[in-house]
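Beneath this line is the structure, given in structure tokens, with notes to follow.
Here, residue 1 is the first one in the sequence, and each next residue gets the next number.
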Amino acid sequence: MIRKIGCLILFLSGMIGCDTNDKPVFPVYPVKGTVKYADGKPLTDGWIEFTSMAGETKGRNSNSKIDKDGNFEMETFARGKGAYAGPVTAVISEPASEFDPEKGDVKKSEVKVLEKYKNYETSGLKYEIEKKDNTLNIIIDRK
């Protein structure tokens, strides 16, 4: 019994010293831009996602919906607007198919993105996020 109480006291004393504010804060900087095809026309729907390639933030993501004019503004899950500082690799995907309740079937998007842009290893979309407002003009191929 004394042993259990001792363990409980040790556990609780360790908890008192815990502070979530002691976790390192990794810098996130504003990132916005456009995604266009090589012919100058915007990608009119879809998603863009960055994954950090920097040491301590490697693998952390930020993403954004791409609007009808090809515009995006990155946001992280934990830190809000922006993307993690340092080198990032991007992927782009078309919008998900939607169920059409009136027709009772799946409505597929007319927006198409090449398979190479959907994979971090093949996208070729690499950028450096710096301590400033970052504006990216991303050009992708149709074919």
* More than 12 foreign heavy atoms under 6.0 Å from NZ of Lys58: is that the case here? -> no

* Does the side chain of Ser93 come within less than 4.5 Å of Val113's, by heavy atoms? -> no

* To do: Sort out for me which residue in Thr89, Leu136, Val31 forms a side chain to side chain contact (heavy atoms under 4.5 Å, CB included) with Tyr127.
  => Leu136

* If you look only at pairs with a residue in residues 82-92, which of them pass as a salt bridge (Lys or Arg N to Asp or Glu O under 4.0 Å), with sequence neighbours excluded? -> none

* Check step by step if side chain to side chain contact (heavy atoms under 4.5 Å, CB included) holds for Met74 and Ile129. => CA-CA 11 Å; Met74 301 306 288; Ile129 306 306; over 6 Å; no

* Measure the CD-OH distance between Glu49 and Tyr120 for me, rounded to the nearest 0.5 Å. => 3.5 Å

* How far does CD1 of Ile138 sit from CZ of Phe72, to the nearest 0.5 angstrom? -> 4.0 Å

* Asked: How far apart are the closest heavy atoms of Asp141 and Lys116, and which atoms are they?
  -> OD2-NZ, 3.6 Å

* Asked: How many angstroms lie between atom CD1 of Ile48 and atom CD1 of Ile66, to the nearest 0.5 angstrom?
  -> 5.5 Å

* Structure fact -> Here the gap from Lys143 atom NZ to Tyr37 atom OH, rounded to the nearest 0.5 Å, amounts to 11.5 Å

* Asked: For Pro95, does its backbone N or O pair with a side-chain atom of Asp45 as donor and acceptor, under 3.5 Å?
  -> no

* Asked: Excluding sequence neighbours, so at least two apart, what forms side chain to side chain donor-acceptor pair (under 3.5 Å) with Thr51?
  -> Asn61

* Asked: Is it true that a side-chain atom of Ser123 and a backbone atom of Tyr117 form a donor plus acceptor pair closer than 3.5 Å?
  -> no

* Structure fact -> Between Ser62 and Gly82, the two heavy atoms sitting closest are CB-O, 3.6 Å

* Say whether, by atom type as modelled, one donor and one acceptor occur between the side chain of Ser64 and the main chain of Glu73 under 3.5 angstrom. => yes

* Asked: Which residues pass the side chain to side chain donor-acceptor pair (under 3.5 Å) test with Glu130, sequence neighbours left out?
  -> Lys132

* To do: Calculate, to the nearest 0.5 Å, the distance between atoms CD1 and CG belonging to Ile92 and Leu114 respectively.
  => 10.0 Å

* Structure fact -> Closest non-hydrogen atoms of Ala54 and Ala85, given as atom of the first, atom of the second and distance, are CB-O, 3.8 Å

* Group every Ile, Leu, Val, Met, Phe, Trp and Tyr by side-chain heavy-atom contacts under 4.5 Å, then state whether Val28 and Phe50 land in the same group. => no

* Structure fact -> Closest non-hydrogen atoms of Thr76 and Ala83, given as atom of the first, atom of the second and distance, are CG2-CA, 4.2 Å

* To do: With sequence neighbours left out, write down each residue that passes side chain to side chain donor-acceptor pair (under 3.5 Å) with Asn119, or none if nothing qualifies.
  => none

* To do: Using atom types as modelled and distance alone, determine if a side-chain donor or acceptor of Tyr84 lies under 3.5 Å from a backbone N or O of Tyr29.
  => no

* Spatial distance of atom CH2 (Trp47) from atom NZ (Lys118) [nearest 0.5 Å] -> 15.5 Å

* Can you pull the salt bridge (Lys or Arg N to Asp or Glu O under 4.0 Å) pairs that have at least one residue in residues 32-43, sequence neighbours excluded? -> Asp39-Arg142

* Asked: Judged by modelled atom types alone, do Thr34 and Asn71 share a side-chain donor-acceptor pair under 3.5 Å?
  -> no

* **Heavy-atom donor-acceptor pair, Glu75 side chain to Asn63 backbone, under 3.5 Å** => no

* Partner residues of Thr57 under the side chain to side chain donor-acceptor pair (under 3.5 Å) criterion, sequence neighbours left out -> Ser52

* Structure fact -> In short, Pro30 meets Asp133 closest at the heavy-atom pair CG-OD1, 3.1 Å

